[in-house]
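Sequence lines set the chain letters: A, B, ... in the order given, protein chains first and strands last, and positions in each chain run from 1.
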Amino acid sequence: MSDEKPLALLPEIFLILGAVLTLLAGSFLPRHRQWIARLVAVAALLGAGIAAAAALGDPIQSVYGTTFIIDTGTVFLRLVVVAATLLVIGLGVDELAGTRRESETYALLLLSALGAVVMGSTTDLLVLVASFLLGSIPLYGLIGMLRSPGAAEAAMKTYLLGALFGIVLMLGVSVLYGVGGATAYPELALGLARAPAAAVAFGLLAVLGGLMFKAGGVPGHFWVPDAAQAAGTPAAAFLTTIPKLGALLAAYRLMTVMPDSVDWPLLVAVLAAVTMTVGNLAALAQTDVRRLLGWSTVSQVGYLLLPVAVVGGTAAALPALLVYLGGYAVTNLTAFAVIAAAPGRRTVEDYTGLATTHPWLGSALVVSLLSLVGTPPTAVFLSKLGVFTVAWDGGFAWLVVIAAVNTVASLFYYLRWLGPAFRRDDSMEPAAGLAPFATAAAVAGGVGVLVLGVIVVSLAPVVETSLGAR
Amino acid sequence: MLSLIVFLPLAAALILAVLPAMPDRAARWSWLVVTVAELLLIGVLVAGYDTPPDGGLAFEERLRWIPSVNSSYHVGVDGLSLPLVALTAVVFTACAVYAIREDRRPRQQAALFLFLQSVSLGLFVAQDLILFFLFFDLSIVGMYFAIAGWGHGNAARSALKFFLYTFLGSLALLLGFIGLYLAADPHTFDIPELVAAAPLAGRPVVGGLVLAAILLGLAVKTPTVPFHTWLPPAHTDASAVGSAVLAAILLKMGTYGFVRIAMPVLPEAWQAWSWVILIVGIVSVLYGALVALAQSNVKRMIAYTSVNHMGYVVVAVGAAGILADDTAAARELAVVGAVTQMVSHGLITAALFLLAGVLYDRRETYEMGEFGGLADPAPRFATLFAIGGFASLGLPAFSGFIAEFQVFAGSIGATWVAALALPGILITAALFLRSAQKLLTGTVGGRAVGFPDLHLRETLPIAGLLVLALFIGVVPWPLLDLIAPGSAAVVELVSR
């Protein structure tokens with residue numbers, strides 16, 4: 001077949017080879033030389049990134065039948081996932097270096113990242129199921145890696161929920177296949193248009209439920225705060241960022257094949273509203289910063305669903321989604337990098353005086369939290385502006401108002417963290433040392449948030465032009 | 001030129017922020033040097049300003065920024081913005097002089113205030129809604145840190161309240177801006193293009209909702225009743241320079257938004273809502289004055305007079321939207337009065353807040369009852385406080401008189417209802433006289449005993465601000481000539 005082009009999947013090949021090699025290298029290396037395994041993982045990511053960047057501007061193509069689509073969305077997703085995973089490794093080096101399971105962690109990170117990329121780039125329901133498993137199973141391992149009681153509980157919770165939503169996803173896929181007569185999206189779209197609406201709605205709901213587990217949105221969000229709180233910092237940073245990227249792009253692709261007989265925009269809009277509200281309300285009461293961030297990532301999924309709700313309505317939906325995914329990834333990872341850089345601080349009160357003793361870290365914290373709120377000139381501000389605009393344009397003005405009200409509510413808990421950090425506290429004992437790699441990652445991330453905040457939208461025209469070339 | 005003016009303080013702020021080893025003295029003086037340089041640059045700007053023909057912009061600059069949503073880096077000045085740009089430079093210079101002995105983290109304070117100066121200047125020259133919003137939000141962030149970091153009393157709580165309130169307002173504003181963007185065809189965030197297009201004309205419901213969102217955002221910032229409750233605690237707990245900047249510059253961002261965005265872009269909706277705006281203005285005037293009368297804390301009192309003074313501006317812009325035969329000249333007068341009032345209030349209130357700061361510096365209280373007979377130990381303080389009070393209550397020969405006279409002459413010319421706000425002036429007069437009596441006259445008692453008089457670093461900025469207010473009061477025409485063409489354009493646009 002002429003569409004069997006393995007080279008088009010070079011970034012994915014890099015990731016899987018990287019995972020295998022990292023694991024092998026780690027098995028044969030003594031513990032004080034595990035950094036070689038780390039280098040292997042970083043090299044694989046860099047290779048994947050270069051291969052992904054090389055595909056920029058290529059015409060849109062489907063490979064292996066209609067299993068994968070290589071379009072702007074896929075290319076962008078690959079780049080963001082690779083960059084985000086690199087940042088996760090960067091912020092995790094201090095915590096992971098020389099531990100028992102360093103190389104295993106890197107291998108699992110690469111595998112789960114691969115799962116996210118496959119999930120976001122597939123246009124076939126069966127591959128979607130495979131990517132769900134590929135992305136989730138390493139995640140369970142990552143969460144439990146710390147071997148603390150909390151981590152064990154979080155891993156168990158995630159595993160059980162993952163198993164449940166995996167089955168729900170497969171059920172939905174079976175139903176859609178049953179009524180649509182195909183698993184590949186182009187044929188599926190034709191089949192679903194003639195299918196009974198109730199069955200389509202049921203199938204869609206089930207598949208969407210599975211995707212929401214990966215994205216950490218309602219109703220599949222329960223594992224996120226626990227895992228974010230109990231897992232190691234790099235694992236927490238990873239699981240609140242990378243799986244969302246793939247899942248949301250997958251949700252977008254799924255919506256493009258849904259027939260008009262089902263009011264799916266309203267369904268997604270309601271999911272978005274509930275997700276952002278639940279995430280924000282739950283975050284209000286948190287004092288543990290990891291748990292707080294965990295809930296905040298749930299609310300962010302709500303905003304990220306806005307462009308998914310208006311998929312067919314406006315051409316700007318995909319650029320808005322992609323820009324938000326990129327802005328969100330760098331912002332969230334910066335916040336986690338700050339946590340990783342100041343190990344031992346758990347609650348918001350522990351951060352008292354951070355800005356005085358470590359001004360650079362304090363600045364990174366301000367930039368990342370204000371970006372999560374959506375204050376200019378940060379990455380998420382322009383992203384939020386984009387999704388608000390497309391959602392309003394697509395007829396969901398009420399949803400935009402809810403999103404704006406939620407944004408204000410989110411300010412409460414972000415400021416509860418920022419406030420102590422900027423309070424001067426002379427009673428503090430001399431501050432503990434910082435983790436050097438994580439500090440560097442935090443500062444780099446903070447700069448990235450600001451740079452993207454000023455130029456992120458210059459990405460949007462690039463995305464739009466390449467869409468127009470279709 | 002404009003970009004240099006806007007970003008010079010920001011560049012200085014960044015340098016100050018990344019040089020932790022800089023001695024305090026050098027940091028304070030470099031702050032002052034930059035503000036004076038800004039003052040000179042803006043002096044050149046004002047000298048080189050000619051009213052551009054047909055409501056255009058002077059010193060215009062436009063660069064590609066976010067082409068995908070038709071938002072550009074577009075700046076320019078006209079008769080409405082130039083006075084506020086100049087006011088910003090003056091007030092920040094006064095603050096830099098006043099804080100020249102600051103010993104609480106002076107390097108950080110200098111960096112923060114330079115940042116705030118950039119943001120304020122940027123807002124007043126912005127000709128693009130996104131750019132405007134960017135500076136609007138950054139001003140909130142900057143002021144939050146100014147209150148929380150250098151305030152006293154319950155500063156953290158007041159700062160949080162300030163942030164939440166104004167941030168809520170800013171989001172409403174953003175919603176309104178998105179509505180304007182989507183309504184315009186082709187979609188754009190550019191203010192002059194939106195003004196020319198006047199989107200939403202003929203769509204009263206949507207137009208009303210979009211205006212409501214924008215008004216909410218601006219009303220919180222101004223603030224008008226009933227969105228003013230963040231203001232008194234923010235002022236009471238902020239440092240003297242923080243209060244001065246908050247009152248003199250940040251409040252103007254709200255009222256400036258009325259004349260720059262809301263009135264010209266949404267004329268039809270503005271006309272439909274002008275009665276509501278007028279009444280909100282009248283209530284702000286009366287309520288602000290009455291509550292100020294009841295205060296025993298001098299800084300809280302000045303804060304409430306800000307609500308009252310901003311109320312006059314709202315009355316004027318509300319009246320400007322009430323169309324009737326041959327009232328165009330009167331409505332123009334009202335808008336000129338409104339812009340003059342912004343400048344005048346900025347100068348006078350900044351001076352009063354700095355004076356209140358002196359009380360706290362020396363005695364750690366703002367309670368008027370704790371002082372008495374200050375005129376004896378501190379004659380310079382007493383003189384300046386008395387002058388500031390008289391200027392603020394609108395005594396002729398001060399800028400406040402020029403402003404309020406035009407506001408009332410114009411507004412009452414447009415509709416007699418505006419006359420309901422007149423008692424505000426009387427109450428303000430009463431409360432300033434009462435506070436001057438309590439603080440300055442009588443036998444020296446309480447904490448006034450041994451009160452050190454103003455130092456040069458305090459006298460200079462306060463007197464400077466009041467001299468400017470006096471100058472505008474005596475020779476108003478240079479300012480009025482600047483404002484009048486811009487105001488005429490606004491009235492013409494809002495009458496469409």
Side-chain angles (χ1 to χ4, degrees), chain A residues 314 316 319-320 323 355-356 359-360 363 366-367 369-370 373-378 381-382 384-395 397 400-401 403-412 414-416 418-424 453-465, chain B residues 17-18 20 64-69 71 73 104-105 107-108 111 119 122 129-141 144-145 148-150 155-157 159-179 181-183 187 189 206 209-210 213 217:
Chain A
T314 157
V323 165
T356 324
W360 285 100
S363 315
V366 177
V367 167
L369 292 190
L370 286 183
V373 177
T375 314
T378 54
F381 164 65
L382 287 176
K384 239 178 198 173
L385 179 70
V387 298
F388 281 14
T389 308
V390 295
W392 187 327
D393 210 14
V400 177
V401 173
V405 172
N406 264 295
T407 304
V408 176
S410 72
L411 201 59
F412 278 94
Y414 292 127
L415 282 185
R416 276 202 16 231
L418 268 188
F422 277 80
R423 204 180 304 142
R424 206 183 175 79
V454 180
I455 63 145
V456 75
V457 244
S458 9
L459 291 175
V462 180
V463 176
E464 257 166 40
T465 3
Chain B
V18 298
R64 269 169 67 86
W65 185 35
I66 318 178
S68 57
V69 292
S71 172
Y73 171 79
R104 286 189 299 166
R105 285 164 286 155
R107 182 178 61 87
Q108 285 93 331
V119 166
L129 292 181
I130 296 300
L131 203 58
F132 182 93
F133 183 79
L134 180 134
F135 290 125
F136 194 89
D137 249 19
L138 285 182
S139 74
I140 299 174
V141 176
Y144 169 78
F145 285 113
W150 283 268
R157 200 184 158 78
L160 184 67
K161 189 170 181 183
F162 160 79
F163 199 131
L164 290 174
Y165 250 90
T166 45
F167 194 79
L168 174 70
S170 84
L171 276 168
L173 195 63
L174 182 64
L175 287 185
F177 286 175
I178 293 178
Y181 166 78
L182 291 173
H187 295 343
F189 280 113
V206 185
L209 285 174
V210 169

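With contacts defined as side-chain heavy-atom distances shorter than 4.5 Å, the pair B:F177/B:F132 qualifies. Taking 4.5 Å as the limit, every side-chain heavy atom of B:F189 sits out of range of all side-chain heavy atoms of B:I66. By the 4.5 Å heavy-atom criterion applied to side chains, B:Y181 and B:V69 are counted as neighbours.
Contact tally against chain A (heavy-atom pairs below 4.5 Å) for B:L168, B:L209, B:L175: the top residue is B:L175. Taking chain B as the reference chain and counting heavy-atom pairs below 4.5 Å, the highest number among A:V373, A:L385, A:L418, A:V400 is found for A:L385. Ranked by heavy-atom pairs under 4.5 Å with chain A, the first of B:F145, B:Y144, B:F136 is B:F145. Chosen from B:L134, B:L160, B:V141, B:I130, the residue pairing most often with chain A at heavy-atom distances under 4.5 Å is B:L134. By number of non-hydrogen pairs under 4.5 angstrom with chain A, the leading residue of B:L138, B:L174, B:I140 is B:L138.
Looking at A:F381, only its side chain comes within 4.5 Å of chain B, counting heavy atoms on both sides. In this structure, the portions of B:L164 lying under 4.5 Å from any heavy atom of chain A include both its backbone and its side chain. Residue A:V366 touches chain B through its side chain alone, counting heavy-atom pairs closer than 4.5 Å.
There is a side-chain donor-acceptor pair under 3.5 Å between B:D137 and B:S170.
Contact record, A:G453 with A:L382: O-CD1, 2.6 Å, taken as the closest heavy-atom pair. When every heavy atom of A:D393 is checked against every heavy atom of B:H187, the shortest pair comes out as OD2-NE2, 4.2 Å.
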